[in-house]
Each structure stands twice: as structure tokens, then as C-alpha cells.
Amino acid sequence: MAAAIQCRDLRKTYDGKVEAVRGLNLEIEAGECFGLLGPNGAGKTTTIEILEGLLAPTSGQVTILGQTWKDDARELREVMGISLQETRLSEKLTVFETVELFSGFYSRPRAPLEVLEQMQLTEKADAWVGKLSGGQRQRLAVATALVGNPKILFLDEPTTGLDPQSRRQLWDTIRGFQQAGGTVLLTTHYMDEAERLCDRLAIVDHGQVIAEGTPADLIERLGGHHMVEFQVSGNSNGDSANVWRALPGVESVRQDNGFVCLNVHEPHLTIPALLVAVEKEGQHLLHLTTRQASLEDVFVRLTGRHLREE
């Protein structure tokens with residue numbers, strides 16, 4: 001497939017000192033849903049604003065559908081739909097008037113009522129925007145992004161504030177847009193969302209891509225498929241970390257808020273050995289869970305920080 005979005009050696013420096021983006025490279029194929037993940041301050045918002053044409057890079061090249069913001073700004077705005085994390089809309093317009101207003105910005109828009117139906121907002125068509133709930137406002141923001149009939153959809157934290165049912169409905173909307181040939185660039189802090197929706201994703205930290213691939217590939221790179229998390233009390237008879245690391249099937253060990261997290265290949269071998277080791281260490285097991293490795297585990301392994309940490 002041809003690339004829908006490309007950026008090469010993208011850099012953004014503020015006041016000649018703060019490097020928000022440091023030589024970032026991305027290539028997003030047409031028709032795929034691509035996720036951009038990272039903690040606050042990692043540079044992903046700056047990157048997206050540059051791709052959307054809202055911010056000029058200090059250096060580097062951005063190409064979208066074969067065009068650039070320098071030469072083809074009008075054409076690019078016609079093919080983009082953007083939903084910001086906090087889209088500010090006029091509270092004194094109705095829902096229908098808002099979508100109709102946005103439709104007037106484009107040469108080939110969709111019918112506003114069709115988009116309202118898609119976003120489950122038909123019953124709110126005559127309601128003031130100022131009277132909407134947070135979740136309804138979020139769906140309206142996505143409606144304003146869809147009404148222009150875009151080829152590329154930028155969604156920044158699109159399901160924040162949505163109830164579980166609305167969240168899944170929006171997932172269906174994103175899949176439908178993609179199946180019709182659209183390209184989606186998504187940011188989210190919900191790891192289940194990224195795993196379900198994204199064909200590929202990139203993890204950004206300190207202004208650079210530190211890992212890229214399919215969700216399954218990134219989890220595979222952990223070196224294991226399962227996490228064993230436990231908490232113990234009592235006196236240790238030595239260096240417990242080395243004891244846990246020596247257990248069968250353990251690939252890595254980390255401490256997390258009083259818990260020990262083991263990344264393992266075969267939990268059915270690790271757990272019995274763990275129980276024996278805890279007893280030999282003179283400790284008592286307070287908590288034990290097992291689960292599949294997740295994208296957040298990938299992130300913590302790579303950076304030592306959780307996605308939601310400031």
C-alpha cells in the first residue's frame with residue numbers, strides 16, 4: 001500500500017532549548033489504523049499538531065497523501081477530519097447546527113443528519129451544545145470530524161469520558177471508516193483500545209519513536225507472553241530479586257508499588273517454583289495474579305514509566 005502519512009527526521013524545538021520532537025520518523029499506510037502512544041510530555045501531541053498543519057516543524061519533512069503543507073494546505077484540509085481531546089464548540093448552537101456549520105467548510109461533505117445518526121445523536125439534534133453531557137460532546141466532536149467526508153481521521157483520545165456502550169459504538173465507527181478505505185491516526189491511554197483497533201502503533205518517548213510494530217509484535221518483543229504479579233511479607237534470606245529471576249521461565253523482573261512483576265513464558269512452571277521459593281525465603285505470599293502481557297507492560301519495560309505518569 002502507498003503511504004498516507006510520512007514524516008522524516010521531524011524535529012520541533014521551542015525557544016531554541018526545549019526539544020519536543022527529536023528526529024522522529026513515521027510511515028502510515030493508506031487504509032490502516034495507526035496508534036501513537038506515549039506518556040504526557042513525550043512529544044506525541046506536538047507531532048500530531050505538525051501532521052495536522054497546526055504547528056510548523058523546526059526541521060524535517062512531512063508528506064500527507066503525497067502532498068505537503070507548504071504547497072497544498074487547502075487540499076490537505078479538505079481530506080482531513082480532526083477530533084481533538086478537548087474540542088471547544090459553541091454552546092449556543094444546537095447539535096444539528098454545529099454539524100451543519102462544519103459541513104459548510106468542505107466542498108463534498110456528508111449529510112449532517114446521516115452523521116448524527118451514525119454517532120447516535122439524532123435525538124439530540126435540537127439540543128443546545130451547552131446542555132450535552134461530556135460523552136455526548138465527545139461524540140459530537142467526532143461527528144464534526146466525519147461530516148467533511150475525510151480520507152484521513154485524526155482522533156486524539158476519542159473515547160475519554162464515554163460510557164462503555166458509547167465507547168464500543170465509536171470503535172465500530174472507526175472500523176467502518178477504515179473498511180471504507182479511510183486512514184486513522186489515533187492516540188489513546190486505553191491499552192485495550194489500542195490493541196483492538198490499531199493495525200500498527202508506535203510508542204513515543206522523549207520526542208522519538210522507541211518501538212514500532214503490530215500490538216502482537218510489540219508484546220512478543222517483551223520476551224514472554226504472561227505476567228505473574230505477587231506481593232510478599234516477612235524477612236528475606238538474601239537478594240530476593242535474584243531468587244525470582246532464577247525461577248524457571250522468567251524473562252525479566254521489576255518492582256511496582258510493592259509488587260513483584262515477572263514476565264514469563266510458561267506460568268504453569270513458574271508459579272509452583274515461585275511458591276517453593278517464597279517459603280524458602282522465609283516470606284509469606286499476600287497476593288498472586290497472572291495475566292496476559294499487555295502494551296503497558298511493553299511500555300514499562302522500554303521506559304521504566306507507566307503511560308499515565310506525568
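Remember, it's a predicted structure, so these values are computed and weren't measured experimentally.
With values rounded to the nearest 0.5 angstrom, Glu281 atom CD is found 5.5 Å from Gln283 atom CD.
A donor-acceptor pair shorter than 3.5 Å cannot be found between the side chains of Asp126 and Thr94. Checking Asn25 against Gln6 by side-chain atom types alone, no donor-acceptor pair falls below 3.5 Å. A donor and an acceptor atom, one from each side chain of Arg110 and Gln118, are located under 3.5 Å apart. For the residue pair Glu78 and Ser107, a side-chain donor N or O sits within less than 3.5 Å of a side-chain acceptor on the partner. With 3.5 Å as the limit, one finds no donor-acceptor pair spanning the side chains of Glu32 and Thr183.
Contact check for Trp171 versus Thr159: side-chain heavy atoms found under the 4.5 Å cut-off. Contact check for Val142 versus Met119: side-chain heavy atoms found under the 4.5 Å cut-off. A heavy-atom distance below 4.5 Å is found between the side chains of Phe154 and Leu51. Side-chain contact between Pro215 and Leu201: present, with at least one pair of heavy atoms (C-beta onward) separated by less than 4.5 Å. Side-chain atoms of Glu91 and Arg137, non-hydrogen and from C-beta on, do get closer than 4.5 Å to each other. A heavy-atom distance below 4.5 Å is found between the side chains of Asp297 and Arg291. You'll find the side chain of Glu27 stays beyond 4.5 Å of the side chain of Phe34, heavy atoms only. Using a 4.5 Å cut-off on side-chain heavy atoms (C-beta onward), Thr98 and Ser90 make no contact.
By the 6.0 Å and 45° rule, Arg196 does not stack over the aromatic ring of Tyr190.
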Apply side-chain hydrogen bond (donor to acceptor under 3.5 Å, both in side chains) to Glu19 and Thr13, showing your working. CA-CA 4 Å; Glu19 290 183 291; Thr13 304; 4.6 Å; no

With salt bridge (charged side-chain N to carboxylate O under 4.0 Å, His left out) as the test, would you mind laying out the steps for Lys44 and Asp205 before giving the verdict? CA-CA 8 Å; Lys44 64 181 187 299; Asp205 198 24; over 6 Å; no

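Results of the side-chain contact (heavy atoms from CB on, under 4.5 Å) test with Ile152 over Leu185, Ile28, Leu65 single out Leu65 as the only residue that passes.
Open room surrounds NZ on Lys151; 12 or fewer heavy atoms of other groups in view lie less than 6.0 Å from it. Atom CD of Glu117 sits in a sparse spot, with 12 or fewer heavy atoms from other residues, nucleotides or ligands closer than 6.0 Å.
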